[in-house]
2 protein chains.
Amino acid sequence: MRTDTTFKRAFNDMIEIIRTLDLGEELPSENALRAQLGVSRTTVRKVLAGMAARGIIMSEAHRRIIRKQPRQKERYPKEETLAISEQVETSFMEWMLRGDACPGTEINETELARKFGVATTIIREFLNRFQKYGLIEKRQNAGWVFKGFTASFALELFEIREMFEMRSARLFATLPDGSPVWKQIQAMRAAHLELLADIDARFQDFSELDSRFHRLITAVAPNRFIESFQDVIAMVFHYHYQWNKRDERARNEVAIREHLALIEALESRNVASIDRACRLHLTSARETLLRSIMQ
Amino acid sequence: MRTDTTFKRAFNDMIEIIRTLDLGEELPSENALRAQLGVSRTTVRKVLAGMAARGIIMSEAHRRIIRKQPRQKERYPKEETLAISEQVETSFMEWMLRGDACPGTEINETELARKFGVATTIIREFLNRFQKYGLIEKRQNAGWVFKGFTASFALELFEIREMFEMRSARLFATLPDGSPVWKQIQAMRAAHLELLADIDARFQDFSELDSRFHRLITAVAPNRFIESFQDVIAMVFHYHYQWNKRDERARNEVAIREHLALIEALESRNVASIDRACRLHLTSARETLLRSIMQ
DNA sequence: CATATGTTTCTTATGTATAAAAAACAGGGG
DNA sequence: CCCCTGTTTTTTATACATAAGAAACATATG
């Protein structure tokens, strides 16, 4: 009943590990592999058994030798490495953002389960977790309502985002010279400059960098509620822009420049400059999102 | 498998409706009752059947007559009117706050299901919803960790609360005279004064009034994320103080006076006074919570 | 024809089952 | 005695089953 996606992901990862080793070489211990792969030893043993069955490794008493290099086509396809619950997330987002759902649509657990080909349990679990994004609402004894990916959603989202990020950004002004954050900020600038230099080819990498940048800023003074809110923002940008590619390159380039300006302001330790740069970026991000929601 | 708590709650409510009517009188239509009881007609019919079986009403063709008044002991006990998922919430809170759990404790779904006598499905669903309170964290393929009802939890909570409430309170200064909010504020003051006058007997009613007061303030400019955060606050106060009654009367009296001061400040429309009153109350609430967490 | 009740169908809440994964336990060799 | 592998036990992820409840449909009555 449970899918073996953990095994398949570990199997693929193991292929990469073996590629770094030579024929005839001995594999690390099960425990070492467990730590490297981030799974339990049970799964490691299953992977090793699979490798042995394929003739890639040979199990001798208490050790395993590499017999031949695995081929790339022996990897399991990406889809099979995603837990059902992760697949459901993607399916649901697509259903939502492709426009099958307008504000006020009732969400029917059974119907979704049928449509996505999964058990209702999974759908319920997903919806319960998804609730925190503020896009759906539960009604007692009667399913959920989709509230819509609307302008007011974007406005409410950005009202909170502004409070949280201004709060964190301002704190930079009081940070001592020795703080390790300044190193990370330097690295962040480098990453931005690198992406900017190659923007025509790599503009799709921005979404992840954006998330990392904003998480770095809020991390100066950790607060679990702010961090949890970052998930909301990340979700919105990740999925919304995945289905809305208009002006993507230009949009991302503008954001990168705003980030660079904010980095400079942070380093100046001048609260007024920080405020200005931060607000400028958030306003522009908000307008971009609003435009994109309105088509 | 599903419990009939909806029916039992509706049955109890129906008893109250019948008490307002006289013997021999005709009951409202099924549809009217449906609206009054807030359940489906299916449930209304089940309740009516139950009443008929007990001889309380008599079903004639197309109408139902009251034959005798139901007695209070015919009510279903409170516990039987709570959905399993609601019972689980209480059990879990008790488990958590009674101190069976210290920070870092691993939460075992199976064990909790056994301990609470419910299905694992329910536990999972509950934990998924409960995640938003910031007290537990999920680990891939391996249960949950309880992060602890600690001082840092309280501090992080109040940092957000302060941002959100100051934001709303300040907005009052710009509200026009004609806004209906002022009436509600008046009513709120009356409710506070009433409770204060009878504080020795009714100090336990404060928790609910507190929640209503803070929700009223934030409602001036609705934001789903702020509203959702109010749930976190309400949960903390509702449950935490349920198991921690030290100085309850005095604590609530202080809070009521602070609320009254804030109401006055709001009505003055002076941003500086509002800021001061709001911050004063939040600081005091925070200190009270911290003291109570530290024992 | 509008509204009420009777009937049928669909959905949700909750329990149970089971393969996959994790964790705990146990013996063995350096 | 520590770390390694083999084995057993426990837990989680997911599917499926079903009574309670909601909604839709049908029929009757004033």
Side-chain angles (χ1 to χ4, degrees), chain A residues 1-10 28-34 37-49 59-64 83-88 106-114 117-127 138-144, chain B residues 1-10 27-34 37-49 59-64 83-88 106-114 117-128 138-144:
Chain A
M1 310 254 159
R2 185 175 183 171
T3 52
D4 56 355
T5 54
T6 304
F7 159 70
K8 286 174 173 164
R9 209 170 332 135
S29 79
E30 290 178 359
N31 240 313
L33 289 171
R34 186 194 60 69
L37 295 170
V39 297
S40 74
R41 199 158 66 81
T42 309
T43 303
V44 169
R45 288 172 64 86
K46 197 170 165 184
V47 168
L48 290 174
S59 277
E60 278 182 0
H62 291 208
R63 48 201 235 121
R64 290 150 304 271
I84 300 278
S85 52
E86 295 167 320
Q87 291 169 238
V88 162
E106 305 220 350
I107 296 173
N108 184 319
E109 295 176 2
T110 323
E111 194 190 321
L112 279 189
R114 269 197 304 267
V118 300
T120 54
T121 327
I122 301 289
I123 298 285
R124 293 196 115 221
E125 199 179 308
F126 169 75
L127 293 173
K138 175 129 192 67
R139 286 193 311 200
Q140 190 66 236
N141 281 338
W144 304 75
Chain B
M1 308 255 165
R2 186 175 182 171
T3 52
D4 57 354
T5 53
T6 304
F7 159 70
K8 286 174 173 164
R9 209 168 334 132
L27 271 178
S29 79
E30 289 177 359
N31 240 312
L33 289 170
R34 188 194 58 71
L37 294 170
V39 297
S40 75
R41 199 157 67 80
T42 308
T43 303
V44 169
R45 288 172 65 84
K46 196 169 165 185
V47 168
L48 290 174
S59 276
E60 279 183 357
H62 290 207
R63 50 201 232 119
R64 290 150 304 271
I84 300 278
S85 52
E86 294 168 319
Q87 291 170 237
V88 163
E106 306 220 348
I107 296 172
N108 183 318
E109 295 176 3
T110 322
E111 194 189 320
L112 279 189
R114 269 197 304 266
V118 300
T120 54
T121 328
I122 300 289
I123 299 284
R124 291 195 117 224
E125 196 178 312
F126 170 75
L127 292 173
N128 272 310
K138 174 126 191 70
R139 286 192 311 197
Q140 190 65 234
N141 281 337
W144 305 75

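These numbers come from a predicted model, not from an experiment. In what follows, every chain begins at residue 1, and chains take the letters A, B, ... in the order their sequences are listed.
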Please give, in whole Å, the distance from [N] [atom2] to [X] [atom1]?
X: B:R41; N: C:dT5; atom1: CZ; atom2: P; answer: 7 Å
X: A:N31; N: D:dT5; atom1: CG; atom2: C1'; answer: 10 Å
X: A:R45; N: C:dA21; atom1: CZ; atom2: C1'; answer: 14 Å
X: A:I122; N: C:dA20; atom1: CD1; atom2: C1'; answer: 13 Å
X: A:K46; N: D:dT7; atom1: NZ; atom2: C1'; answer: 17 Å
X: B:N108; N: C:dA22; atom1: CG; atom2: C1'; answer: 11 Å
X: B:I123; N: C:dT14; atom1: CD1; atom2: C1'; answer: 12 Å
X: A:F7; N: C:dA22; atom1: CZ; atom2: C1'; answer: 16 Å

If you look at every strand shown and take non-hydrogen atoms under 4.0 Å, does [X] touch a base, only sugar-phosphate, or nothing?
X: A:R34; answer: nothing
X: B:T110; answer: base
X: B:T42; answer: base
X: A:R139; answer: nothing
X: A:R64; answer: sugar-phosphate

Check this one for me: any side-chain N or O of [X] less than 4.0 Å away from OP1 or OP2 of [N]?
X: A:S40; N: C:dA21; value: no
X: A:T6; N: C:dA20; value: no
X: B:T5; N: D:dA20; value: no
X: B:T43; N: D:dA22; value: yes

Query raised in the report: Quick check: does any side chain N or O of B:N108 sit under 3.5 Å from a backbone N or O of B:E111, one acting as donor and the other as acceptor?
Result: yes
Just so I know, are the side chains of [X] and [Y] near enough to count as touching, which here means a heavy-atom distance under 4.5 Å?
X: B:T42; Y: B:F7; result: no
X: B:L48; Y: B:L33; result: yes
X: B:N141; Y: A:R2; result: yes
X: B:T5; Y: B:K8; result: no

**Report entry** Sole candidate of A:I122, A:V88, A:I107 that passes side chain to side chain contact (heavy atoms under 4.5 Å, CB included) when paired with A:L127
**Finding:**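 Output: one option passes, namely A:I107.
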Candidate nucleotides [options], ranked by approach to the side chain of [X] - the nearest:
X: B:N141; options: D:dT11, C:dA20, C:dA22; result: C:dA22
X: B:A142; options: C:dA22, C:dG15, D:dT14; result: C:dA22
X: A:M1; options: C:dT18, D:dA19, C:dT11; result: C:dT18
X: B:E30; options: C:dT5, D:dA15, D:dG21; result: C:dT5
X: A:T120; options: C:dA22, D:dA20, D:dA17; result: D:dA17
X: B:A119; options: D:dA22, D:dT14, C:dT16; result: C:dT16

Report task. Confirm from the modelled atom types if A:R2 and C:dA19 form a donor-acceptor pair under 3.5 Å, side chain to base only. Result -> no
Query raised in the report: When you match A:R63 and A:T121 each to their closest nucleotide on DNA chain D, which lands nearer the 5' end?
Result: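 The residue closer to the strand's 5' end, by nearest nucleotide, is A:R63.
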Query raised in the report: If you pin A:Q140 and B:K138 to their nearest nucleotides in DNA chain D, which one's is more 5'?
Result: B:K138
Requested in this report: Between A:I107 and B:V118, just flag the one whose closest nucleotide in DNA chain C comes earlier from the 5' side.
Outcome: A:I107
Query raised in the report: Between CG of A:D4 and NZ of A:K46, what distance do you get to the nearest 0.5 Å?
Result: 5.0 Å
